[in-house]
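What follows is one structure encoded as C-alpha cells, with my remarks underneath.
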Amino acid sequence: MPKRKTKPWQYASTITIAVALACMLVPQTVAAAEKMPSPEDMWAVIQAQQRQIADLIKRLDITDGKIEATEHKVEVTEQKVAETEEKVEAAGAMIEETHAQNASGGDGWWQRTSLGGYGEMHYNGGNADEIDFHRFVLYVGHEFNDRIRLKSEIELEHSIAGEGKNGEVELEQAFVEFDINDQNTTRAGLFLIPVGIMNETHEPPTFYGVERNPVEKNIIPTTWWEGGVSWATRFGSGFSVDLAAHSGLDVPDTGGNAYKIRSGRKKVSKAPAKDLAYTGRVKWSGMPGVEVAVTGQYQGDITQGNTDTEAFFIEAHTNIQRGPFGLRALYARWDLNGPEPKMLGRDEQYGWYVEPSYRTEVPGGEAGIFVRYNEYDMAAGGMGDSKYTETSFGINYWPHPDVVLKFDYQFQNAPQGEAGDDRANLGVGFQF
Amino acid sequence: MQFCLRHCILACVMLTLALPAASAKDVYQDPSAFVADAFGGAAPEPKLLWVTRKLKPRVREILDRNLGQLRIRYWARESRTVWILDEIGKTKPITTGIVIDNGQIAQLKPLVYRESHGWEVRYPFFTDQFIGLTLNNDNKLSEHVDGISGATLSVSALKRVARLALYFDAQVSAKHD
C-alpha cells in the first residue's frame with residue numbers, strides 16, 4: 001500500500017488547533033496558580049492548627065482531671081450515704097426497741113390496765129318532757145397475767161347519786177376471767193347475764209332508738225347482772241355455749257310490782273342467795289353479720305323462799321346486719337309456777353319485737369333509719385287487758401363509728417286505764 | 001339440794017383455777033410461717049418501708065391515730081407484698097397477716113388474737129370477705145365487709161389493717177414502677 005503524502009494545509013490546521021487549545025488552557029492555569037496559598041500562608045495555617053490541637057489536648061487533660069475529681073466525690077458521697085444509712089438504721093432500730101419496751105416490756109401495772117367507757121344523754125318529750133344524762137359508764141380492765149384478767153364497769157345513772165337524788169352509782173360488771181385454753185374461758189364475780197341482744201352489748205352507737213327497747217328492758221330485764229360463775233366454750237363454725245350459775249332474782253310478792261321481773265333485780269347488793277339461778281345459752285354467729293341465739297334459765301324460787309315460786313325463762317333472737325340491711329327480732333317469756341303469781345296473772349310474762357333497719361354512708365359519716373314494733377305483757381296469764389304495744393321509728397347519725405346522734409318517735413298503746421306515752425326522743429351517745 | 005349445788009359450783013371454780021395455765025394469746029399461725037406460705041415456702045428477705053412525713057397524714061386518716069412506728073417491715077416478690085400488722089381491737093392488739101397481690105387483698109388472716117371477745121374473726125367465713133378488695137381514692141375498702149355481732153371493735157381493727165396494708169402496698173409499688 002503506497003504511503004500517503006501529507007499536504008501542507010493539513011499541517012497548518014493541526015497547528016491551529018494546538019494553539020487554540022493552548023489559548024484555552026493558559027488562563028485557567030494562571031487562575032489556579034493565583035488561588036494556591038503561599039508556603040508562608042500554609043505554614044501559618046499549620047501553626048494555628050497545632051495551637052488549636054494543643055489547646056484541645058490541654059482542655060481534655062483538664063476535663064479528665066475534673067472527671068476524676070467528680071468520681072472521687074461520688075465515691076466519697078456514696079460512702080457517706082452508706083454511713084448515714086447505717087446510722088439511720090441504728091437509730092430506727094433503737095427507737096423501735098425503746099418503743100417496744102415501753103409498749104410491753106416494762107410490765108408496770110399501768111401497762112396492763114386499760115380504760116374505756118360509754119355514755120348517753122337523752123331528751124324525752126311527751127309525758128316526761130325532760131333532759132337526762134341517762135348513764136355514764138367507766139370501764140376498767142386489768143391483766144394479772146396472760147390468762148387471768150379483771151373486767152369492771154362502774155355506772156353513774158342520771159348524773160347525780162345520793163340521798164334524795166335521782167341517780168345511782170352501780171357496779172355493772174366486776175369479774176375475773178380465766179382462760180383455760182383457746183376454746184374455754186371461765187368467769188367468777190359479777191357479770192352480765194348472757195341473754196338477749198342488748199344485755200351484753202348496749203353501748204349507744206350499737207343500737208337504734210334513744211331509749212333501749214321496752215321488751216328487753218321489762219321482760220329480760222336488761223341491763224341484768226348477777227354474781228356467780230360462768231363457763232364459755234367456743235366451737236368451730238361459729239357455735240358457742242355459755243353456762244352460768246349465779247344469784248337469782250328476788251321479786252316482791254306484794255304490792256303493785258309483785259312478781260314483776262324487773263323488780264326482782266337485787267344487783268348483787270347483799271342479795272339473798274337462798275335460790276341460785278342457772279342460765280345456759282347457745283349462740284351461732286357462723287356467718288358475717290348474722291347471730292342467732294337461744295337462752296334458757298331456771299330458778300327454784302324467784303321469791304327467795306317467800307312463796308316458793310319456780311321460774312322458767314326462755315329467750316330467742318336473731319340479730320342480722322348484712323350490707324346496709326339490718327334486722328333484729330327477739331322473743332322472751334317467763335313462766336312462774338305458783339298460785340300467787342297465777343292469781344295476779346303474772347304467771348306468764350312475755351314480749352317480742354321486730355326491728356328492720358337500713359344504714360348507709362352519708363356526707364360526714366353514716367346514717368341509719370329504723371322502725372320497731374314492740375309488744376309485751378307483764379300479766380299475760382290474767383284475763384284483763386295488760387298488753388303494751390309500742391311502735392317506734394327514727395334515725396341514727398354516726399359522724400364517727402363511736403359517736404351517735406339519735407332521734408325517734410314512739411307511739412304507745414297501754415292497757416285500759418293507763419295513758420299511752422306518745423313522744424319524741426333525742427339523744428347523743430358515745431363509746432371509747 | 002341448793003346447798004349441794006352451791007358447793008358443787010364452788011368446787012368447779014376451784015377446779016378451774018387449778019387447771020394448767022394456758023395463754024390468752026391465741027396464736028393461730030406463726031407470722032414467719034404465714035410469710036413463708038405466702039411465697040410458696042421460701043420467703044424473700046424483708047424490706048423496710050419508712051413511714052415518712054408524706055405517708056403520715058393518710059396513715060392517720062386510716063387508723064384515726066398516729067401509727068407510732070418509724071418503719072414497717074414487709075416482704076415483696078414480683079407483684080406480691082406481705083404485711084404483718086398489729087391493731088388494737090378493744091383493749092389488746094390483734095396481729096394480722098395480709099397478702100396483697102397486684103393491689104388486691106389475696107389473703108387476710110388474724111395470726112395472734114389477744115382479745116377475749118370477737119374470736120369469730122379468725123374464721124374464713126369472715127376473713128374471706130376481704131379477698132379481692134382494693135382501696136378507694138377516699139381510703140376505704142372497695143366493698144362492704146359485714147361485721148360480727150358483739151365483735152364490732154375487732155372487726156373494725158381488721159378493716160383498718162386491711163386498708164393500711166393496701167395503702168402501704170401502693171406506696172412500695174409506686175416506688176418500683
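For the pair A/F325 and A/Y358, the minimum side-chain heavy-atom distance is below 4.5 Å. Inter-residue side-chain proximity for B/L55 and B/W50 is flagged as unmet; no heavy-atom pair is nearer than 4.5 Å. Side-chain atoms of B/L164 and B/W83, non-hydrogen and from C-beta on, never get closer than 4.5 Å to each other.
With a 4.5 Å cut-off on non-hydrogen atoms, A/F235 touches chain B through its backbone but not through its side chain. For chain B, the nearby part of A/E177 is the side chain; its heavy atoms alone come within less than 4.5 Å. Neither the backbone nor the side chain of A/T185 comes within less than 4.5 Å of any heavy atom in chain B. At a 4.5 Å heavy-atom cutoff, the contact between A/F239 and chain B is made by backbone atoms alone. Residue contact with chain A, scored on non-hydrogen atoms closer than 4.5 Å, involves the backbone and the side chain of B/F125 alike. Of the atoms belonging to A/V176, not a single heavy atom falls under 4.5 Å from chain B. If you measure heavy-atom distances from A/Q321 to chain B, the contacts under 4.5 Å come from the backbone alone.
Classification of A/E200 and A/R281 as a salt-bridged pair holds, one side-chain N sitting under 4.0 Å from a carboxylate O.
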message = The test is side-chain contact (heavy atoms from CB on, under 4.5 Å); show your working for A/F207 and A/N396 and say whether it passes.
response = CA-CA 9 Å; A/F207 65 90; A/N396 280 16; over 6 Å; no
inquiry  = Test ring pair (Phe, Tyr, Trp, His ring centres under 6.0 Å) on A/H400 and A/F430; report intermediate values, then the result.
reply    = CA-CA 9 Å; A/H400 181 278; A/F430 56 86; over 10 Å; no
ask   = Do B/W75 and B/F39 pass the ring pair (Phe, Tyr, Trp, His ring centres under 6.0 Å) test, and can you show the C-alpha distance, the side-chain angles, and the key distance before you say yes or no?
value = CA-CA 9 Å; B/W75 294 260; B/F39 291 101; 8.1 Å; no
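The main-chain N or O of A/E291 is found under 3.5 Å from a side-chain atom of A/T318 such that the two form a donor-acceptor pair.
Contact detail for A/G323 and B/D146: the closest heavy-atom pair is N-OD1, 2.5 Å.
Close approach to chain A, defined as a heavy atom under 4.5 Å from one of its heavy atoms, is seen in B/Q129, B/K140 of residues 128-140 of chain B, taken by number.
For the set A/R322, A/K283, A/R234, A/Q431, the entry with the most heavy-atom pairs within less than 4.5 Å of chain B is A/R234. Most heavy-atom pairs under 4.5 Å with chain B, from the set A/T201, A/V88, A/I320: that is A/V88.
A distance of 8.0 Å separates CD1 of A/I197 from CD of A/E355, quoted to the nearest 0.5 Å.
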